[in-house]
Amino acid sequence: MNQVVPLYHQLMALYGPQGWWPLLGHDGCNPTKTGSHTGYHPGRYDFPRNRHEQFEIILGAVLTQNTAWTSVERALNNLSDLHALTPEGLAALEEATLKAAIRPAGYYNQKAGYLLSLCKFFQELDGAVPHRRTLLAQRGIGPETADAMLLYAYGQPEFVVDAYTRRIVTALGWIDAQVSYDAVKALFEAPLEAAFPNAAFRVQVYQEYHALLVEHAKRFYSRKPYGTGCPLVEALGG
DNA sequence: AACCAGGACGTGA
DNA sequence: TCACGTCATGGT
């Protein structure tokens, strides 16, 4: 038994519920969350509430790859102005228009192609929950993006591992830096499955846990040397 | 002026 | 399998 569950409770005590995945401003969200943007909905787990919000999460998951969320919000707002937050609307855009809209999110040549192919993919799903392997077969969807889509757009119990997660557990001495994505994921999922056998509740825990790790990492793991001032290294470090 | 941001992909060994 | 270069804008 490792310290995965205690770390979750520590982070929750520090920061409280985060309310991921953020969506563009709409009723029911809380734009007042400290240090973040609009579209958070802390303490609520009924998102996405429709296919439109589901697709917005899928778009954001690709746009945020190695990109700050502030930049992603600009891109999403541009797409919203173009009525392109639906598969039909996005696919109808001229290529140059699409690239210009998502340009603030970086890698716009690559991501434009990814988003267009995702429109067709999402339409063919027709509301079905995709398998993880199916997502991984799509261009532009790697392990983290697949898990983010499954966890936040489809409510599936898939733990999301990102660069922040790696930095934190590395600083805590739980792994060394070269451990594979799937191994880090399993490190979290094994104890969480045991502690939270109810899958629906575990989804909420996974959603909060990843968001809490990001919130914590933004404070203590964004600049080298990573972990400077982190209160958890003393408390939980190996 | 570097470094970082809620990574993924193509390549070569 | 895996380390490495590439993709790109925007903030610190």
Side-chain angles (χ1 to χ4, degrees), chain A residues 11 15 17-24 33-42 47 56-79 95-96 98-118 121 132-153 158-171 175-185 188 206-228:
Chain A
L11 291 170
Y15 307 118
Q18 297 300 296
W20 275 34
W21 186 277
L23 293 164
L24 295 183
K33 182 180 160 325
T34 303
S36 62
H37 320 285
T38 59
Y40 287 71
H41 40 88
F47 293 90
E56 184 181 320
I57 294 172
I58 287 171
L59 295 182
V62 171
L63 289 172
T64 198
Q65 289 168 2
N66 204 33
T67 302
W69 187 254
T70 49
S71 300
V72 177
E73 276 196 324
R74 285 197 196 93
L76 289 173
N77 280 318
N78 291 340
L79 292 176
E95 181 181 319
L98 173 58
K99 289 184 177 179
I102 68 173
R103 179 172 178 167
Y107 309 108
Y108 58 88
N109 289 304
Q110 288 185 346
K111 287 177 178 177
Y114 296 160
L115 295 188
L116 285 176
S117 69
L118 280 182
F121 174 72
R132 189 170 189 271
R133 295 182 200 89
T134 308
L135 283 173
L136 289 174
Q138 305 304 309
R139 295 166 56 91
I141 302 183
E144 182 187 338
T145 305
D147 287 333
M149 288 179 180
L150 287 169
L151 180 62
Y152 292 105
E158 302 283 350
F159 197 88
V160 177
V161 175
D162 68 343
Y164 285 149
T165 307
R166 288 177 173 281
R167 287 180 195 171
I168 291 175
V169 296
T170 300
I175 64 167
D176 39 343
Q178 73 239 15
V179 173
S180 73
Y181 181 96
D182 289 340
V184 179
K185 179 176 177 177
F188 280 90
Y206 285 10
Q207 290 182 343
E208 289 293 355
Y209 206 155
H210 173 63
L212 286 164
L213 287 168
V214 172
E215 178 67 23
H216 184 68
K218 281 179 175 175
R219 302 176 185 226
F220 300 107
Y221 292 84
S222 283
R223 205 167 307 243
K224 291 180 179 177
Y226 298 135
T228 303

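Here is how names work: the chains are called A, B, and so on, in the same order as the sequence lines, proteins then strands, and each is numbered from 1.
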Atom-pair distance ([atom1] on [X]; [atom2] on [N]), nearest Å:
X	N	atom1	atom2	result
A/Tyr221	B/dA5	OH	P	13 Å
A/Glu144	B/dA5	CD	C1'	11 Å
A/Trp69	B/dC4	CH2	C1'	18 Å
A/Asp162	B/dA8	CG	P	10 Å
A/Lys185	B/dG7	NZ	C1'	16 Å

**Request:** Please tell me which of A/Val214 and A/Gly140 maps to the more 5' nucleotide of DNA chain B, matching each residue to the nucleotide holding its nearest heavy atom.
**Result:**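 Its nearest nucleotide being more 5', the pick is A/Val214.
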
**Request:** Using the closest heavy atom to pick a nucleotide of DNA chain B for each, name whichever of A/Gln138 or A/Lys224 lands nearer the 5' end.
**Result:**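 Closest to the 5' end, via its nearest nucleotide, is A/Lys224.
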
**Request:** State which residues pass side-chain hydrogen bond (donor to acceptor under 3.5 Å, both in side chains) with A/Asp162; sequence neighbours excluded, sorted by chain then number.
**Result:**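 side-chain hydrogen bond (donor to acceptor under 3.5 Å, both in side chains) check on A/Asp162 returns A/Thr165.
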
**Request:** State, with a plain yes or no, whether a side-chain heavy atom of A/Arg166 is found less than 4.5 Å away from one of A/Tyr181.
**Result:** yes

**Request:** Evaluate the criterion side chain to side chain donor-acceptor pair (under 3.5 Å) for residue pair A/Ser117 and A/Gln138; output intermediate values, then yes/no.
**Result:** CA-CA 8 Å; A/Ser117 69; A/Gln138 305 304 309; 5.5 Å; no

**Qualifying salt bridge (charged side-chain N to carboxylate O under 4.0 Å, His left out) pairs with a residue from residues 98-108 of chain A, counting only residues at least two apart or across chains** = A/Glu95-A/Lys99

Which part of the nucleic acid, if any, lies within contact of [X], taking any heavy atom under 4.0 Å across all strands shown: a base, the sugar-phosphate backbone alone, or nothing?
X	answer
A/Ile141	sugar-phosphate
A/Ala148	nothing
A/Tyr226	sugar-phosphate

**Request:** Give a yes/no answer on whether the side chain of A/Arg167 brings an N or O atom under 4.0 Å of OP1 or OP2 in B/dC4.
**Result:**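 For A/Arg167, the contact criterion (side-chain N or O under 4.0 Å from OP1 or OP2 of B/dC4) is not met.
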
**Message:** Below the 4.0 Å mark, does B/dA5 have OP1 or OP2 next to a side-chain nitrogen or oxygen of A/Tyr164?
**Reply:** yes

**Asked** Can you name the closest pair of heavy atoms from A/Lys111 and A/Thr64 and give their distance?
**Response** NZ-N, 4.5 Å

**Item:** Geometric cation-pi criterion A/Arg167 and A/Tyr221, 6.0 Å radius, 45° cone
**Value:** no

**Annotated protein contacts, base or backbone, on nucleotides 6-12 of chain C with a non-hydrogen cut-off under 4.0 Å, one of B, S, - each** = -BBSSSS

**Request:** Any chance you could measure A/Tyr107, atom OH, to A/Ile102, atom CD1, to the nearest 0.5 Å?
**Result:**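 Between A/Tyr107 OH and A/Ile102 CD1, I get 13.0 Å after rounding to 0.5 Å.
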
**Request:** Determine the Euclidean distance between corresponding P atoms of B/dT11 and C/dA8; express it in Å to zero decimal places.
**Result:**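 Pairwise P distance, C/dA8 against B/dT11, rounds to 16 Å.
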
